[in-house]
There are 2 protein chains.
Amino acid sequence: MREFELIDGFFSALGARRDDVILGVGDDAAIIAPDTQASVVCTDTLVAGVHFESKDAGGDVGFKSLAVNLSDLAAMGAEPVWATVNLTIPGFDEIWIRDFCAGLNDLALRYGVAIVGGDTTRGPLTITVQAGGRVPVDQALSRSGARPGQRVYLSGPIGDGALGLKVAQGDHRPRADDASYLLSRLRRPEPAIDAGRALRGVATSAIDISDGLLADLGHVLRLSGGYGAELVVSSSWFSSPVCRYVEAGGDIGVLISGGDDYVLACTVDEADAGLFARRGSKDALPWVEIGRVVTEPGIRVRDPRGRLVDITVQGYQHF
Amino acid sequence: MREFELIDGFFSALGARRDDVILGVGDDAAIIAPDTQASVVCTDTLVAGVHFESKDAGGDVGFKSLAVNLSDLAAMGAEPVWATVNLTIPGFDEIWIRDFCAGLNDLALRYGVAIVGGDTTRGPLTITVQAGGRVPVDQALSRSGARPGQRVYLSGPIGDGALGLKVAQGDHRPRADDASYLLSRLRRPEPAIDAGRALRGVATSAIDISDGLLADLGHVLRLSGGYGAELVVSSSWFSSPVCRYVEAGGDIGVLISGGDDYVLACTVDEADAGLFARRGSKDALPWVEIGRVVTEPGIRVRDPRGRLVDITVQGYQHF
């Protein structure tokens, strides 16, 4: 058996079995059954040396390559259905590839995602995953519905990704359990699928925080018509390990500007805030209100005493 | 404006405008309207130095990166609808990227394909395109329906890709018009969308010849139950430039085993051969009958005088 067929064999056994996948791995293309809901598709590429390190565990890379895509589906309010995996590898490292597949499979099974196809090629280590999902036609979330006066929420803590990267790079050395938590959040981020689904019909906009809160909320405000936001930073924005970093004098800017968080930011009309809060409690979703949309462009972050926080880092730069 | 936003701007203007694309480039994901037909998805990665050369014109690379995917849709009998484009580039070369987009756009417009999303990242030059299409649920073509006694057809000439590569590498120096034709077939292959659609309801299996006729027909025969094929090679298999190569003593093996052709091979039941021929004439599709499926495994190629052709090359090896 040729090596690429062996790899294709690995992929054919991955992910959930679903009745709506008519044909999966192994043909020229996959076939998904018709659906009354809209189809949602997204894709992200992870490059070794840019988005992860070549020495990183295959399982973490496999997990994250799918997670970042499921996070994009979550930001649309979509339920994931299928994914394809394109793996470009310098050579046939069976242990790494099996580990990659195991990490991918772990997350795919958790969210019922069928792995329906992909491509294996030789070249510099690069992974492209595409994910497909579905959402009722009129309930998809977009980036363009924020309006002045609306409240801004986060689906979970931010800063874990940026601080996790500092731990991975040896620039932050917290106590062992914090290090473990932060590295886990960096390497195996949990896509906010449930949170995204809970936003259907109530959020006016949503985005996932992959490039940093300031950059991503900035996208929303720009696409919504050129608005701004007034945010009040507090410990409720952060996990305990990040709070300990801040309390020890750590820079808040890197937490607010850093990427790799994969929580959702959303805007909700004032009139729907009650409904939103009740839904959050019912589903045990830890929404955190972080501020308001305002007419004046630009994002201003203040501390609880009203002082402007100086944010110099400006989010992940692709080039 | 940041460079990656500039690039995203290039992509937002590409491809066809379609009523069934609810949301395209620029959000976390794209949204496609529900459809009564099944969805078909495929993806292929092209790596510089493996599938093309870094010095190749951006327009050709853009065209081909979509073409190889549309060819996979064609092999399912599907009509293309949308595509996403993930471009990993070592740096911001605006001229190359604009040319890439122009080549991609050229093909996308020709087949009404909307470019709905993608990702731009920094890294070794690599392109992953994913394409989505649709086909009536019960009419999709697969690789697994070939049965002994059925006829085997090609939707067009093979060997152009392999001989085009020889021209590109300086190993074959034909007359100028032949060189131009062969290079064009290598760099801008035409996906057999119309041929694939014409196979709905009549072909028992179909595949696109991307890895070479022997390898790809071999996939069909293996997935169909372990059958074989008896083929009779003749000039009808080849374009005029390839025929001239063969007449001058060129190796037939490389033509039959070489990849990069993107024509379809299909099998048709004897009882449907008349219907198939009539459809082909009506649609001006140049189907070429090349042999029969047989019970005995393995593919045997004979010349018109019945002598076995020795095929030593065994198709494109991914690793």
Side-chain angles (χ1 to χ4, degrees), chain A residues 2-4 22-23 26-51 71-73 75-76 78 82 84 86 88 91-92 116-124 126 128 130 132-133 135 137 140 142-144 206-208 223 317-319, chain B residues 2-4 22-23 26-51 71-73 75-76 78 82 84 86 88 91-92 116-124 126 128 130 132-133 135 137 140 142-144 206-208 223 317-319:
Chain A
R2 294 174 189 165
E3 285 167 351
F4 83 92
I22 298 175
L23 189 64
D27 212 295
D28 293 279
I31 306 179
I32 318 293
D35 197 294
T36 55
Q37 299 187 49
S39 298
V40 181
V41 292
C42 62
T43 178
D44 268 314
T45 295
L46 301 185
V47 181
V50 179
H51 304 93
S71 180
D72 281 326
L73 293 185
M76 309 301 288
W82 57 265
T84 58
N86 292 31
T88 300
F92 182 66
V116 299
D119 192 17
T120 46
T121 47
R122 181 189 288 277
T126 309
T128 295
Q130 171 129 0
V135 68
V137 175
S142 83
R143 296 180 171 182
S144 57
I207 194 167
D208 79 322
L223 290 168
Q317 296 280 344
H318 292 237
F319 288 98
Chain B
R2 294 172 189 167
E3 285 166 352
F4 83 93
I22 298 174
L23 188 64
D27 214 297
D28 293 278
I31 306 178
I32 318 293
D35 197 294
T36 54
Q37 299 186 48
S39 297
V40 181
V41 292
C42 63
T43 179
D44 268 314
T45 295
L46 302 185
V47 181
V50 179
H51 304 93
S71 180
D72 281 325
L73 293 185
M76 309 300 288
W82 57 265
T84 59
N86 292 30
T88 301
F92 182 65
V116 299
D119 192 16
T120 47
T121 47
R122 182 188 286 276
T126 309
T128 295
Q130 172 128 358
V135 67
V137 176
S142 83
R143 295 181 171 181
S144 57
I207 194 167
D208 81 321
L223 290 167
Q317 295 281 343
H318 292 237
F319 289 99

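None of these values were measured; they are calculated from a predicted model. Order of the sequence lines fixes the chain letters, A, B, ..., with proteins taken first and strands second; residue numbering starts at 1 for each chain.
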For this session: Return the set of residues passing salt bridge (Lys or Arg N to Asp or Glu O under 4.0 Å) with B/D44 (not counting sequence neighbours), or none when no residue passes.
Result: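 Checked B/D44 against salt bridge (Lys or Arg N to Asp or Glu O under 4.0 Å); zero matches.
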Exercise. Can you list the residues that meet the salt bridge (Lys or Arg N to Asp or Glu O under 4.0 Å) rule with B/D28, with sequence neighbours excluded?
Worked result: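 Residues passing salt bridge (Lys or Arg N to Asp or Glu O under 4.0 Å) with B/D28: A/R143.
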Can you tell me which of [options] forms the most heavy-atom pairs within a distance under 4.5 Å of chain B?
options                       : answer
A/L23, A/D208, A/V137, A/I22  : A/D208
A/V41, A/V47, A/L46           : A/V41
A/G132, A/G118, A/A140        : A/G118
A/G117, A/S142, A/A206, A/A33 : A/S142

Given that the side chain runs from C-beta out, which part of [X] has a heavy atom under 4.5 Å from chain A: side chain, backbone, both or neither?
X      : result
B/V40  : both
B/I207 : both
B/A78  : neither
B/T43  : both
B/I31  : both

For this session: First locate atom OG of A/S144, then atom CG of B/D27, and finally report the distance between them rounded to the nearest 0.5 Å.
Result: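 The distance works out to 6.5 Å.
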For this session: Rounded to the nearest 0.5 Å, what's the gap from CG on B/D35 to CD1 on A/I32? Could you check?
Result: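 Taking CG in B/D35 and CD1 in A/I32, the distance rounds to 13.5 Å.
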Exercise. When you check the side-chain N and O atoms of B/Q130 and A/T84, is any donor under 3.5 Å from an acceptor?
Worked result: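 Per modelled atom types, B/Q130 and A/T84 side chains form a pair under 3.5 Å.
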Problem set entry | Closest non-hydrogen atom pair, B/L223 against A/G26 |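 So the minimum-distance heavy-atom pair works out to CD1-O, 3.8 Å.
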For this session: Mind listing the closest non-hydrogen atom pair of A/T36 and B/P34 along with its distance?
Result: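 Smallest heavy-atom distance, with atoms named: O-CG, 3.2 Å.
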Exercise. With no hydrogens and no angle check, is any side-chain donor or acceptor of A/D119 less than 3.5 Å from a backbone partner on B/T45?
Worked result: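 It does hold such a pair.
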Problem set entry | Under 3.5 Å: donor-acceptor pair, side chain of A/D72, backbone of B/A29 |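 Side chain of A/D72 to backbone of B/A29: no pair is present.
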Problem set entry | Greatest number of heavy atom pairs closer than 4.5 Å to chain A - which of B/A38, B/A30, B/A48 |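 The candidate making the most pairs under 4.5 Å is B/A30.
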Exercise. Just wondering, do B/V50 and A/T121 contact through their side chains at under 4.5 Å, heavy atoms?
Worked result: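 Side chain of A/T121 against side chain of B/V50, heavy atoms only: no contact under 4.5 Å found.
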